[in-house]
Amino acid sequence: MTRRRKEQKIGMMEKEAQRVVWEGAIPLQIHLHESEVTTLPSPPPALILAPRLGYLPLLGSLLKPYFSSALPPGVDTVWFDYRGLPLKWYIPTGVLFDLLCAQPERPWNLTVHFRGYPGNILIPCEGEDSIKWSYINSLKEAAYIINGSCKNVMSMSQPDQVELWRSVLNGNLEAYLCVSSKLKLGAVGEVNLSTPRSRPSMGEINVSGQVKQGRVPVRLYVWNVCEDFDDLEDAPPIDSWDKVSYINRPVEIQGEGRCFTLLDAVKSLLPDYFVDNSLGSAESLTVGGEEEQRVPSKDASDDKKAGEDDHVKASNEFEEPEIKLVRIQGIEPKLEIPFSWVANNLMHPEHFLHICVYLKAP
């Protein structure tokens, strides 16, 4: 197969992956909270197929008419909970599902509220406008991480902003790509190995003979599990947001002569949990001013040996946590998968990669 054919095949596979991500949906069974029911019998739950890339408060326009006859008088502020845990509205629906349902629950049983907004737990949400500006701000943040500037997002025309947001609301991938391409936030940068001047010293070689490099905006949700379990059905529930660590940090794709994997990325985001086993090379001294002839310094050799001994000792004393689960877009990918593929195909419309991780402390 020629290189061009390979690139065409890869492009088709990536487009298919994007399509699957954008069409992803979660069946919801939504109950009105019993404290807000004013009729007998109670209204039956609403059944909705919610987009994975969407946000729960956007379902309010469907739920309010459905439950309106049972609601008490008052001001409506829609919010949701799962098993008593108020759900953060700015986290995409699919990410909430991946994080809170260790064993996927279908349909996902949620409770909707129109009264008693928990302002001590959730930041205020004033409907679609709040969600739209949260999305735009995330897009600006991602642009700055990727390009070092958010100028392209800041200078978007009003019609483009409207069309971009409408494409996210409607799950229209083609319309989204048409507008987002103007922001120049495309795939993780490719450097052609056939051009000597562009040959990088670090990166990841993909099947098309190119090196993938770049900074990837990542939002990592880490649940530290104290109890051990072999089956996801036995995982304890998350009953407080205090049990979830939220890490908002870019990942730099790198790797000297080897593939930079999803596992590498997760470990780089969690330096407090995982020891870096790579050791730097010893210093060397130049003899007679000739750069080609180098001999190791005795002091450097001694320092290296001492450093290696200390590193081995520290590694033996430090026990890494067990990664029980990594879930992205409802997928539990192998940790050996190239991270560049994950970043380019499983990102959200605001150009962040949302990763849910379950860690079992040693």
Side-chain angles (χ1 to χ4, degrees), residues 22-101 104-138 161-173 175-176 237-241 330 348-350 354:
W22 274 69
E23 292 180 356
I26 301 169
L28 304 181
Q29 182 167 266
I30 302 176
H31 306 259
L32 179 62
H33 192 266
E34 59 183 12
S35 67
E36 300 179 19
V37 176
T38 61
T39 61
L40 288 175
S42 299
L47 300 175
I48 295 177
L49 196 60
R52 272 190 152 272
L53 301 181
Y55 300 86
L56 286 175
L58 295 176
L59 302 177
S61 59
L62 299 175
L63 295 173
K64 174 64 188 303
Y66 184 83
F67 290 119
S68 60
S69 61
L71 288 173
V75 179
D76 298 327
T77 304
V78 65
W79 60 282
F80 297 80
D81 81 63
Y82 175 57
R83 295 182 176 178
L85 176 69
L87 300 181
K88 297 187 175 183
W89 58 264
Y90 51 85
I91 299 179
T93 303
V95 179
L96 288 169
F97 181 69
D98 292 344
L99 177 65
L100 300 178
C101 293
E105 176 185 314
R106 295 185 179 88
W108 191 21
N109 282 276
L110 301 181
T111 300
V112 65
H113 305 250
F114 293 90
R115 307 287 186 271
Y117 193 82
N120 59 326
I121 299 176
L122 305 179
I123 63 175
C125 177
E126 298 177 1
E128 184 181 326
D129 283 345
S130 293
I131 300 168
K132 175 185 176 181
W133 289 115
S134 174
Y135 166 78
I136 294 295
N137 286 333
S138 294
Q161 280 194 35
V162 171
E163 184 60 28
L164 183 66
W165 177 240
R166 186 181 293 122
S167 69
V168 174
L169 279 179
N170 299 330
N172 188 333
L173 176 59
Y176 169 81
I238 299 176
D239 53 13
S240 169
W241 285 110
H348 277 66
E350 83 284 25
H354 296 254

Task: Side-chain heavy-atom pair R52, T93 within 4.5 angstrom cut-off - done: no
- [ ] Check the angle between the aromatic planes of W108 and F97 and answer parallel, tilted or perpendicular using the 30° and 60° thresholds.
- [x] perpendicular
Open item on the list: Using 0.5 Å steps for rounding, measure from the CG atom of N109 to the NE2 atom of H31.
Closed with: 4.0 Å
Task: Test side-chain contact (heavy atoms from CB on, under 4.5 Å) applied to P51 - qualifying residues, sequence neighbours left out - done: none
Task: Shortest non-hydrogen separation from P65 to G60 and the atoms involved - done: CD-O, 4.2 Å
TODO: Hey, could you give me the NE2/CD1 distance between H354 and I91, rounded to the nearest 0.5 Å?
DONE: 8.5 Å
Task: Closest heavy-atom pair and its distance - L87, W241 - done: CA-CZ2, 4.4 Å
Task: Spacing of L164 atom CG and E350 atom CD [to the nearest 0.5 Å] - done: 11.0 Å
Open item on the list: Measuring only between side-chain heavy atoms, which start at C-beta, is E36 closer than 4.5 Å to P72?
Closed with: yes
Open item on the list: So, taking the atom named CG in L110 and the one named CD1 in I30, what distance separates them when rounded to the nearest 0.5 Å?
Closed with: 6.0 Å
TODO: Decide yes or no for P107 and L28: does some side-chain heavy atom of the first lie under 4.5 Å from some side-chain heavy atom of the second?
DONE: no
Open item on the list: To the closest 0.5 Å, what do you measure between CG (L49) and CD1 (I26)?
Closed with: 9.0 Å
- [ ] Check whether any side-chain N or O of T77 sits under 3.5 Å from a backbone N or O of Y117 as a donor-acceptor pair, and report yes or no.
- [x] no
Task: Beyond-backbone contact of V95 with H348, side-chain heavy atoms, under 4.5 angstrom - done: yes
Open item on the list: Go through it in stages, so that I can follow the logic: the residues are L58 and E128, the test is side-chain contact (heavy atoms from CB on, under 4.5 Å), and I'd like the CA-CA distance, side-chain angles, deciding distance and then a yes or no.
Closed with: CA-CA 6 Å; L58 295 176; E128 184 181 326; 4.0 Å; yes
- [ ] Compare all side-chain heavy atoms of T39 with those of P43 and state whether any distance is below 4.5 angstrom.
- [x] yes
- [ ] Check S167 against W22 and note the closest heavy-atom contact, atom names and distance.
- [x] O-CZ3, 3.6 Å
Task: Which atom of C125 lies closest to which atom of I131, heavy atoms considered - done: SG-CG1, 4.3 Å
Task: Any S42 side-chain heavy atom under 4.5 Å of V37 side chain - done: yes
Task: Interatomic distance, K132 atom NZ to R166 atom CZ [nearest 0.5 angstrom] - done: 9.5 Å
Task: NZ/NE/NH1/NH2 to OD/OE distance under 4.0 Å, E105 and R83 - done: yes
Open item on the list: Show the nearest heavy-atom pair for residues Y135 and P349, with the distance to one decimal.
Closed with: OH-O, 3.1 Å
Open item on the list: Which residue is it: L56, I48, L32? I am looking for the one with a side chain to side chain contact (heavy atoms under 4.5 Å, CB included) to L63.
Closed with: I48
- [ ] Please step through side-chain contact (heavy atoms from CB on, under 4.5 Å) for the pair T111 and Y82, ending with a clear verdict.
- [x] CA-CA 6 Å; T111 300; Y82 175 57; over 6 Å; no
Open item on the list: For a 4.5 angstrom cut-off between non-hydrogen side-chain atoms, does Y90 reach S138?
Closed with: no
TODO: For side-chain contact (heavy atoms from CB on, under 4.5 Å), just list the numbers for V112 and H33, CA-CA rounded to whole Å, side-chain angles, deciding distance to a tenth of an Å, and then say yes or no.
DONE: CA-CA 6 Å; V112 65; H33 192 266; over 6 Å; no
Task: Ring centers of F114, W79 separated by less than 6.0 Å - done: no
- [ ] May I have the step-by-step check of side-chain contact (heavy atoms from CB on, under 4.5 Å) for D76 and R115, ending in yes or no?
- [x] CA-CA 6 Å; D76 298 327; R115 307 287 186 271; 2.4 Å; yes
Task: Distance-minimising heavy-atom pair for T38 and A70 - done: OG1-O, 2.7 Å
Open item on the list: Check for me whether the distance between the ring centres of W89 and Y55 falls short of 6.0 Å.
Closed with: no
